[in-house]
There are 2 protein chains.
Amino acid sequence: MEAHSQGYPYDMILNNIARFVDLADEEKDLFVSFWKKGSAKRKEYVLEPGGITKYEYFVTKGCLKVYSLDPSGGEHVNMFAIEDYWTGDLASFTLQQPSTYFIKALEDSEFLTITKDNFERMLREIPKLERFYRILYRNSLVNYIKRTNEGISLTAEERYEIFLSTYPQIANRITQKDLAAYLGITPEFLSMIRSKITKRS
Amino acid sequence: MEAHSQGYPYDMILNNIARFVDLADEEKDLFVSFWKKGSAKRKEYVLEPGGITKYEYFVTKGCLKVYSLDPSGGEHVNMFAIEDYWTGDLASFTLQQPSTYFIKALEDSEFLTITKDNFERMLREIPKLERFYRILYRNSLVNYIKRTNEGISLTAEERYEIFLSTYPQIANRITQKDLAAYLGITPEFLSMIRSKITKRS
DNA sequence: CACCTTTCTTAAACTAGTTTATTTTTTAGG
DNA sequence: CCTAAAAAATAAACTAGTTTAAGAAAGGTG
């Protein structure tokens with residue numbers, strides 16, 4: 001138990017924040033007050049498209065799948081959010097436009113949520129957090145740029161191997177079907193890739 | 001001439017900043033002191049991969065092409081940066097890793113540059129800018145997410161039409177070849193798409 | 001304004017990844 | 001521990017986009 005501990009799940013989010021900025025104890029209390037606990041059972045939806053996203057999420061337990069459906073019903077997975085990950089539909093949350101994403105729990109999950117009003121109030125009352133979110137968004141941007149480039153310039157097989165080495169802790173928690181939807185290919189083609197790799201080694 | 005004008009190109013970058021935060025006159029002077037003018041003639045390289053990116057860029061005139069080459073030499077355009085656009089290789093600049101991008105002037109161009117040291121000093125001395133860059137990165141992230149999703153779930157033809165309607169002011173300044181490299185297809189296939197659309201209408 | 005280079009088009013053969021369908025394996029949960 | 005349902009594997013026919021090549025149109029520089 002560290003000094004001024006808030007206990008699970010608040011210590012988890014505070015430790016995440018502490019990577020980039022130091023909050024004073026009273027700022028920590030204030031910070032925590034803006035976030036609410038939430039949870040979802042396996043297979044339950046955390047978010048469905050159509051309406052405007054109410055919350056941004058910080059996952060403290062479990063695994064969420066963030067995805068959209070294309071016009072012909074195909075699933076495209078944007079990210080898998082496990083413990084200590086920030087997620088949500090940033091476009092819908094930011095621009096207050098209808099969401100295009102589904103968020104579904106792949107395991108029994110717990111998370112913290114914040115509304116847009118509270119998010120803005122929080123940044124006004126704790127200006128230090130502007131720096132935190134500046135760095136968080138910048139890092140996300142760097143990752144997105146990398147992923148976009150991979151999608152454009154690498155084969156499905158290369159993208160598969162990069163995923164395995166980048167996210168080993170996620171790879172063994174999800175199905176082939178969901179992984180295929182993340183890689184942008186069909187489960188059948190992923191299956192071909194896997195059997196090809198197995199034969200090779 | 002507005003109050004406390006710094007003249008071209010500094011008014012341009014200050015107006016861009018003013019979209020999200022208000023700087024006091026002395027903050028404007030300080031801000032401007034961190035940026036240096038740069039320029040490149042048509043076809044000249046602003047950045048070549050291999051080394052660590054020294055600068056981030058704010059374009060004030062002309063048009064820059066930001067791109068990378070895949071293992072077999074194919075060009076992949078990340079963005080076209082015209083007047084009032086921020087650009088650079090954020091991954092290399094941020095993580096101080098070797099750059100993987102080329103930046104080439106498509107027209108005679110002018111821009112402002114900042115080093116990483118100055119960028120960090122600037123944020124320490126003008127904390128209000130944390131908010132500006134938080135919003136800038138968040139907006140970039142929203143755009144990247146949208147573009148990634150388009151690349152995954154739309155056909156080349158759909159992506160072409162979205163590009164035309166989203167960036168009409170860029171579309172008529174670049175070649176088909178560069179546009180194809182942005183869309184992730186060959187110039188030959190873009191040519192096919194165009195003739196198909198022409199016949200249809 | 002004329003040449004030379006670069007860009008754009010057209011078309012045919014080709015390939016990475018999809019679609020559809022059937023069978024086998026794994027998994028959750030009563 | 002069993003069983004229904006979901007996931008994974010295999011295979012053949014198919015499609016979006018590539019590759020190669022060769023000719024037509026633009027465009028910048030002497």
Side-chain angles (χ1 to χ4, degrees), chain A residues 40-44 62-63 65 67 69-77 80 104-109 150-164 170-200, chain B residues 41-44 62-63 65 67 69-77 80 104-109 150-164 171-200:
Chain A
K41 287 269 168 220
R42 192 178 129 80
K43 294 187 182 176
E44 213 173 285
C63 182
K65 173 173 71 167
Y67 67 102
L69 297 181
D70 64 32
S72 51
E75 228 180 87
H76 297 277
V77 175
F80 299 104
K104 191 177 183 179
L106 298 182
E107 305 171 359
D108 291 354
S109 302
E150 285 169 5
I152 287 172
S153 67
L154 301 182
T155 63
E157 184 175 340
E158 291 168 321
R159 265 143 47 211
Y160 171 64
E161 301 208 303
I162 286 176
F163 181 82
L164 290 190
I170 295 181
N172 53 31
R173 287 166 75 167
I174 61 177
T175 63
Q176 304 294 107
K177 197 185 160 201
D178 285 338
L179 176 48
Y182 177 87
L183 295 173
I185 58 177
T186 57
E188 290 82 359
F189 189 55
L190 176 56
S191 187
M192 272 182 56
I193 290 173
R194 283 162 55 83
S195 70
K196 196 177 137 203
I197 291 174
T198 307
K199 274 169 203 152
R200 201 167 54 206
Chain B
K41 287 268 168 218
R42 193 177 127 81
K43 293 188 181 173
E44 212 173 285
C63 182
K65 173 174 70 167
Y67 68 101
L69 297 181
D70 65 29
S72 50
E75 230 181 85
H76 298 277
V77 175
F80 299 103
K104 191 178 182 177
L106 298 182
E107 305 171 359
D108 291 353
S109 302
E150 286 169 4
I152 287 171
S153 67
L154 301 182
T155 63
E157 184 174 338
E158 291 167 319
R159 266 143 47 212
Y160 171 64
E161 300 207 304
I162 287 176
F163 181 83
L164 289 190
N172 53 29
R173 286 165 75 166
I174 61 177
T175 63
Q176 303 294 106
K177 197 188 160 198
D178 285 337
L179 176 49
Y182 177 88
L183 295 173
I185 60 176
T186 56
E188 291 81 359
F189 189 56
L190 176 55
S191 187
M192 271 182 58
I193 290 172
R194 284 161 55 84
S195 69
K196 195 177 138 202
I197 291 173
T198 307
K199 273 167 206 153
R200 201 168 54 208

Side-chain ion pair, B:Arg42 and B:Asp108, N-O less than 4.0 Å: no
d(CZ, B:Arg159; C1', D:dG17) in whole Å: 10 Å
Selection from C:dG17, C:dT20, C:dT10 that lies nearest to any side-chain heavy atom of A:Ile185: C:dG17
Rounded distance (Å) that lies between atom C1' of D:dT10 and atom CD1 of A:Ile193: 15 Å
Value in whole Å for how far the P atom of C:dT18 lies from CE of A:Met192: 10 Å
A:Arg194 vs D:dA9: side-chain N/O to OP1/OP2 distance below 4.0 Å: yes
Ion pair check, B:Glu107 and B:Arg173, cut-off under 4.0 Å: yes
B:Glu157 and B:Lys196 ion-paired at < 4.0 Å: yes
Closest nucleotide among C:dG29, C:dT7, D:dA8 to the A:Thr175 side chain: D:dA8
Whole-Å gap separating C1' (C:dT20) and CZ (A:Phe189): 17 Å
Rounded distance in Å - NZ (A:Lys196) to C1' (D:dT10): 16 Å
Whole angstrom value for the distance that separates C1' of D:dA26 from CG of B:Asp178: 15 Å
Per B:Ser191 side chain, nearest of listed nucleotides D:dT10, C:dT10, C:dT7: C:dT10
Any donor-acceptor N or O pair under 3.5 Å, side chains B:Glu158, B:Thr155: yes
Separation of C:dA28 P from A:Lys41 NZ (nearest whole Å): 15 Å
Pair A:Lys177 + A:Glu75, salt bridge at N-O below 4.0 Å: no
Separation of atom CD in B:Glu188 from atom C1' in C:dT7, rounded to whole Å: 11 Å
Side-chain N or O of B:Thr186 closer than 4.0 Å to phosphate OP1/OP2 of D:dT18: yes
First encountered from the 5' end of DNA chain D, between B:Gly184 and B:Lys43: B:Gly184
Candidates D:dT20, D:dA9, C:dG17 - which lies nearest the side chain of A:Gln176: D:dA9
